Amino acid sequence: MSWFEKPATPSVRTPMEAIWAVCPACKSYVPREEWTAAQRVCSRCNFHDRLTSRERIDLITDAGSFQELNAKVTFADPLKFEDASGPYAAKATATVAKTGLNEAIVTGNAKIEGIGVVLGVMDFRFLGGSLGSGTGDRILLAAEEALAKRRPYIVFSASGGARMHEGIVSLMQMARTCAAIARLQGAGIPYISVLTDPTTGGVSASYAMVGDINLAEPKALIGFAGRRVIEQTIKQKLPDDFQTAEYLQEHGFLDHIVERKEMKAFLAKTLRYAGC
Amino acid sequence: MSDIDFTKPLTPWQIVQVARMSGRPLIGDYIKGMCSDFIELHGDRVFGDDRGMIGGFATIGGERVMLIGHQKGKSVEENIKTNFGMANPEGYRKAMRLMRLAEKYHLPVIALVDTPGAYPGLEAEARGQAEAIAKNLTVMAGLRTPYIIVVTGEGGSGGALGIAVGDTVLMLQYAVYSVISPEGCASILWRDGKKAPEAAKAMKITADSLLKLGIIDEILPEPTGAAHSDPRAMVKTVKAAVLKCIKELKVLPADELVVRRYAKLRRMGSATL
Ligand SMILES: [Zn+2]
């Protein structure tokens, strides 16, 4: 089934973009300065816009504490995949050049209010945060680091799901990452999952949904199957709040929705309950 | 599919057609043909009993096992009941309950995979399709009993994987296993669902490709003319292969089994390890 669908990416590119930011959710114009100062949270509708992995790490961790792990682990092209728009390898290489990232997640050791953690932060700019073999490797290796050091593991997800260009190999990342997390949980080490906009498809159906604690940012899109696929299947219109963080919490799949500005303190507090 | 010439190698798209063909043996045929006993165990204990995913105690060649798998139907009426083998969250949760029961009773798990995918519906989302599959992935990875998978028809994405993490993965010659249907992939990456034959080729979804990629362990040959032309012979092949796996795995201590399974998953589909 086509549960991998690119979530709609509202275009914020306007000629005025240096002065104004446009909220992707409510389309309000917000002065760029105000938008940045608010950590890209809309003052009108409280939508939490996407952050880069670097911005997220700066917001969540103690200054200077982040030490990246496995920075050289990058994408592979196991299928030698080529579609209508050309080879995957070329597309991925171009993404590396454009974003300065070499995978859809950055992982490392860090401190949150003095508590040592292993942290993974996905970056939607890298091929829609899709789950490739390099992504899976980094998530798995970071889980092994958390196990070896007996540190809590925190993963921020932001992903459209599987990376189709890696085919079945992408699907296997769901199994690999969950296997690594199962070992952590078996060893009594805390694992906290934070779902940010968007967390869909194979990422929602693997490591993002099996936290001891599942958190999310307000209004984040979270779901397994794509909205269009569901509408075509059941031939009916879906509720407006369908597959939002609020909908997921109401249905029992999220422990708490946490505002961006509260996230660091919330994580620290939760980790102390976990004995850290 | 009378236009397929089985004396020549099939294209990936032809193999997709064969994998979906009506008349291909389904879970009921395997239960009838290879189990001397089967006690179905119903329900997830929370919501209901999904007919798109079934399971129970089974005896295969004298070996007691837990058999689970997707259930497609043979007729329109059956397919309405079984949802064309597309399970809902309660199906995955029933499977998880049976996996844990198998662990408790020291029974090997045999999982037969044949689904277009997990059901993409409003209710499925509301009841946590993602959570149900994700949970199963963590449970299977650490299950302290042998886990053997046979991809018999369509291995459709997360809906297939939700019962397909284990020690040994067998795959029928004309089965397919993929991250997305060729039609879905074509409509996204080619922007044209009619390019499904190209997508089927590019995604490497056939048994021979998957063996090379290290995703499966063994290809089970189909009778000349494919499984639907001689279901009895097919069932016999599957039975013999499953029994061989059970005998190999059941002598391993549970600790070793779990360590081996993790080592396998760690390497499988890795970019660097
Ligand atoms: Zn807004």
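Everything numeric here is computed off the predicted structure, so don't read it as measured data. Chain letters run A, B, ... following the sequence lines, proteins first and then strands; every chain starts at 1.
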What option among A:Q236, A:Q185, A:Q243, A:R183 has the most heavy-atom pairs under 4.5 Å with chain B?
-> A:R183
Do any N or O atoms from the side chain of B:E125 and from the backbone of A:G223 form a donor-acceptor pair under 3.5 angstrom?
-> no
Ranked by heavy-atom pairs below 4.5 Å to chain B, first place among A:A205, A:C178, A:G167 goes to A:A205
One option among B:A124, B:G155, B:G162, B:A130 has the most heavy-atom pairs under 4.5 Å with chain A, and it is B:A130
Ranking B:M268, B:E123, B:R266 by heavy-atom pairs under 4.5 Å to chain A gives rank one to B:R266
Minimal heavy-atom distance between B:G121 and A:I234, with the atoms involved, is CA-CG2, 4.0 Å
Between A:L141 and B:L273, is any pair of side-chain heavy atoms under 4.5 Å apart?
-> yes
Pairwise distance OG1(A:T233) to CE(B:M86) - rounded to 0.5 angstrom | 7.0 Å
Quick one: which of B:A141, B:A202, B:G214 has the most heavy-atom pairs under 4.5 Å with chain A, could you say?
-> B:A202
What part of A:E144 lies closer than 4.5 angstrom to a heavy atom of chain B: side chain, backbone, both or neither?
-> side chain
Contact part of A:L248 toward chain B, heavy-atom cut-off under 4.5 Å: side chain, backbone, both or neither?
-> neither
For A:Y247 and B:A126, the nearest pair of non-hydrogen atoms, with its separation, is OH-CB, 3.3 Å
Under 4.5 Å from any heavy atom of chain A - which part of B:I133 = both
Check whether B:L122 gets within reach of chain A through its side chain, its backbone, both or neither, counting any heavy atom under 4.5 Å.
-> both
Measure across A:Q173 and B:G269 and return the closest heavy-atom pair with its distance rounded to 0.1 Å.
-> NE2-O, 2.6 Å
Segment of B:L213 engaging chain A (4.5 angstrom heavy-atom cut-off) = side chain
Report the distance from atom CE of B:M203 to atom CE of A:M164, rounding to the nearest 0.5 Å.
-> 8.5 Å
How far does CG of B:L137 sit from OG1 of A:T177, to the nearest 0.5 angstrom?
-> 7.5 Å
How long is the span from the OG1 atom in B:T272 to the CG atom in A:N70, to the nearest 0.5 Å?
-> 7.5 Å
Against chain A, label B:S178 side chain, backbone, both or neither, depending on which of its atoms sit under 4.5 Å from a heavy atom there.
-> backbone
Contact origin within A:Q232 toward chain B - heavy atom pairs under 4.5 Å = neither
Do you know the tightest heavy-atom contact between B:G158 and A:L171?
-> N-CD1, 3.6 Å
Measure distances from B:Y262 to the heavy atoms of chain A and classify the residue's part below 4.5 Å as side chain, backbone, both or neither.
-> side chain
From B:T138 OG1 over to A:M174 CE, what is the distance, rounded to the nearest 0.5 angstrom?
-> 11.5 Å
Heavy-atom pair with the smallest gap, counting every atom of B:A118 and A:F224 | CB-CE2, 3.7 Å
Which of B:E154, B:R267, B:K204, B:K212 touches chain A most, by non-hydrogen pairs under 4.5 Å = B:K204
For B:L210, is it the side chain, the backbone, both, or neither that has a heavy atom closer than 4.5 Å to a heavy atom of chain A?
-> side chain
Go through the atoms of A:F242 and report whether side chain, backbone, both or neither lie under 4.5 Å from a heavy atom of chain B.
-> side chain
Which portion of A:M172 sits near chain B, non-hydrogen atoms under 4.5 angstrom | side chain
In terms of heavy-atom proximity below 4.5 Å to chain B, should A:E166 be classed as side chain, backbone, both, or neither?
-> neither
Which residues in residues 133-140 of chain A have a heavy atom less than 4.5 Å from any heavy atom of chain B?
-> A:S133, A:G134, A:D137, A:L140
Heavy atoms from other residues, nucleotides or ligands near NZ of B:K195 exceed 12 (cutoff 6.0 Å) = no
Proximal component of B:R261, with respect to chain A [non-hydrogen, under 4.5 Å] | neither
Residues 75-87 of chain A vs chain B, non-hydrogen distance cutoff under 4.5 Å, contacting residues -> A:A76, A:P78, A:L79, A:F81, A:E82, A:D83, A:A84
Turns out that what part of A:A208 lies under 4.5 Å from chain B's heavy atoms comes down to neither
Could you pull out the closest heavy-atom pair between A:I168 and B:V179, with the gap in Å?
-> N-CB, 4.4 Å
With chain B, which of A:P239, A:A179, A:A182, A:G252 has the greatest number of heavy-atom pairs at distances under 4.5 Å?
-> A:A179
